Structures are given as structure tokens and as C-alpha cells.
Amino acid sequence: MPLHYPRYKKSDYETMPEWQLDCLFIQYGLPVQGDLEYKRNYAISSFLWPTQY
């Protein structure tokens with residue numbers, strides 16, 4: 001598991017392809033199931049502080 005949060009912006013997560021989100025979740029040990037929209041929202045809520053939304 002990496003020691004740091006990924007350095008992406010909200011706009012990056014909103015345009016990130018599904019395969020890249022899947023790789024990111026695997027890297028951080030997060031078992032995420034769902035459609036692309038769910039995965040994007042999950043990444044935003046997991047890796048960004050509320051002030052970065």
C-alpha cells in the first residue's frame with residue numbers, strides 16, 4: 001500500500017478511464033464494485049479532502 005494519497009485533482013478523476021481507476025483501487029487495497037460513475041465518485045470521496053471538491 002502506498003504511503004501517500006494519489007496526486008490527482010477532481011477533474012482528473014472525472015475523466016479517468018475505468019481501467020485506471022481499477023488499478024488505483026487495487027494499488028490501495030480497496031475492493032470496489034460498481035459502474036464507472038460509482039467508481040469515480042468513490043475515488044473522489046476517498047482520495048480528496050472535502051475542500052478539494
Side-chain angles (χ1 to χ4, degrees):
M1 175 185 272
L3 296 176
H4 303 287
Y5 282 93
R7 296 182 182 195
Y8 296 110
K9 299 175 190 167
K10 182 179 179 187
S11 60
D12 297 329
Y13 289 119
E14 292 173 337
T15 59
M16 193 175 284
E18 188 170 12
W19 67 267
Q20 193 173 4
L21 286 167
D22 290 337
C23 289
L24 186 66
F25 293 137
I26 289 168
Q27 185 178 10
Y28 282 86
L30 299 171
V32 178
Q33 299 285 327
D35 63 354
L36 180 57
E37 189 65 30
Y38 176 80
K39 290 178 182 180
R40 286 181 174 159
N41 289 330
Y42 190 85
I44 290 169
S45 64
S46 296
F47 298 124
L48 296 177
W49 293 98
T51 57
Q52 294 174 310
Y53 289 21

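As the structure is a prediction and not an experimental result, all values here were calculated from the model.
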Kindly state each residue pair satisfying salt bridge (Lys or Arg N to Asp or Glu O under 4.0 Å) with at least one member in residues 26-36, sequence neighbours excluded. none
Is there a side-chain contact between Pro6 and Tyr28, using heavy atoms and a 4.5 Å cut-off? yes
Can you tell me how far apart CD (Gln33) and CG (Asp22) are? Round to the nearest 0.5 Å. 9.0 Å
So do Tyr42 and Leu21 actually touch side chain to side chain, heavy atoms under 4.5 Å? no
Pairwise side chain to side chain donor-acceptor pair (under 3.5 Å) hits with a residue in residues 10-19, at least two apart: Glu18-Lys39
As an exercise, state the distance from CG of Leu36 to CE of Met16, rounded to the nearest 0.5 Å. 11.0 Å
Which pair of heavy atoms, one from Tyr8 and one from Leu48, lies closest together, and at what distance? O-CD2, 3.5 Å
Can you say whether the rings of Tyr5 and Phe47 are parallel (under 30°), tilted (30 to 60°) or perpendicular (over 60°)? perpendicular
Please say yes or no: joined through hydrophobic side-chain contacts below 4.5 Å, possibly via intermediate residues, are Leu24 and Leu30 part of one cluster? yes
